[in-house]
Amino acid sequence: MHQFFIEPEAVRGDTVLITGAEAHHLRTVLRLAAGDRVRLFDGTGRILEAVVTRVSKGETETRIVACTTAEPPPVQVHIGQAQLKGKKMDLLVQKANELGIQTLMPFVSARCEVRTGNPERQERWERIVFESCKQCGRAVPMACPPETDFAGMLAAGCEFDLKLIFWEEERQRSLGPLLAPMAPVHTAMALIGPEGGFTEEEVTQATAAGFLPVSIGRRILRAETASLAAMAILQHRFGNLD
Ligand code: SAH
């Protein structure tokens, strides 16, 4: 069933008006007509099933036939990702949303080669998340806050049950043996470095802030590979990717 995003205010009783780009997509691209069923998300977790009652230029009227609420995830996994070059962040934003990550927080660290928080990039990420939600049926979009610095990233970590910093030079603590006996956590945060990795000083600072340095093996993964692996491992371990 095709899915569309609506503003919460678009719901009036059992009628929902789809407008703007979503209405255009529905009418011109997908060529839906009266009688077709659609699924509507308002971004809060509410999922409406509706039937199209009228299609006109610029807006489509639908009537709600069922309303459900998306189940809250068993764990909230947040990823702090050092800014990467080129289109790698775009890829991570899309994949993180598909994998059910709660927030992807971009930050700048000592060895980042990308330095400026570009407002266009922020808007592009919001669009990517939105398109991804439509593709994968996610009802509550992943959050992508504005870029912060490394200190800001560490400070943002204070509220999480499990805090990890992925470090390829860690030799004492491997992720598998750490997670295996662990009781379920409600919130987890993982930091992934830039292409050049974290400095030792950053790892020391993160440790002082309560992050556990972890390795996921002797192979050095590219930053985006490490990030996707971290997402999948944590989500799977705590029941959000079964
Ligand atoms: N400093 C390295 C590569 C950094 S890899 C170099 O230039 O050779 C980029 C990021 O991916 C790292 O900061 C780390 O967060 C993560 N990463 C890659 N391989 C990893 C591994 N085996 N264990 C844990 N984290 C890893």
Side-chain angles (χ1 to χ4, degrees), residues 75-117 121 125 142-145 147-182 185 187-238 240-241:
V75 61
Q76 292 190 0
V77 176
H78 303 261
I79 300 288
Q81 175 63 57
Q83 291 277 23
L84 303 176
K85 286 192 290 183
K87 295 267 188 236
K88 288 182 235 168
M89 292 298 279
D90 289 7
L91 175 94
L92 281 185
V93 168
Q94 186 195 57
K95 301 306 171 208
N97 188 68
E98 279 172 54
L99 287 167
I101 297 304
Q102 208 67 26
T103 4
L104 187 72
M105 306 181 181
F107 66 91
V108 173
S109 63
R111 293 193 187 136
C112 270
E113 290 173 45
V114 183
R115 296 234 155 245
T116 53
R121 202 164 44 193
W125 290 348
M142 178 179 78
C144 235
E147 172 188 290
T148 179
D149 57 14
F150 190 66
M153 191 68 250
L154 296 185
C158 65
E159 55 193 280
F160 302 105
D161 299 341
L162 174 65
K163 296 186 284 184
L164 305 171
I165 178 165
F166 279 62
W167 193 34
E168 64 286 359
E169 290 178 38
E170 172 61 36
R171 292 288 170 264
Q172 312 299 324
R173 192 181 292 107
S174 295
L175 188 59
L178 174 76
L179 294 184
M182 196 176 273
V185 298
T187 57
M189 142 129 303
L191 303 184
I192 315 292
E195 290 89 346
F198 288 117
T199 62
E200 271 200 58
E201 192 189 333
E202 285 170 338
V203 176
T204 307
Q205 287 168 359
T207 307
F211 285 80
L212 303 173
V214 287
S215 155
I216 46 172
R218 286 297 174 104
R219 287 187 304 275
I220 297 176
L221 308 180
R222 286 188 185 271
E224 65 277 23
T225 315
S227 194
L228 290 172
M231 294 173 197
I233 294 168
L234 292 169
Q235 289 285 49
H236 176 71
R237 173 62 186 82
F238 298 114
N240 204 12
L241 191 64

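In each ligand, atom 1 is the first atom listed, and ligand 1 is the first ligand listed.
Around ligand 1 you find Phe166, Trp167, Glu168, Ile192, Gly193, Pro194, Glu195, Gly196, Gly197, Phe198, Val214, Ser215, Ile216, Gly217, Arg219, Ile220, Leu221, Ala223, Ala226, each with a heavy-atom distance below 4.0 Å.
Between Phe160 and His78, the ring-plane angle classifies as tilted under the 30° and 60° cut-offs.
For Glu202 and Arg111, the salt-bridge test fails: no basic side-chain N is under 4.0 Å from an acidic carboxylate O.
A donor-acceptor pair under 3.5 Å is formed between the side chain of Thr207 and the backbone N or O of Val203. In this structure a side-chain-to-backbone donor-acceptor pair under 3.5 Å is missing from Asp149 to Val108. The backbone N or O of Ala209 lies less than 3.5 Å from a partner atom in the side chain of Lys163, making a donor-acceptor pair.
When side chains are defined from C-beta on, Leu84 does not count as touching Arg222, because their heavy atoms never get closer than 4.5 Å.
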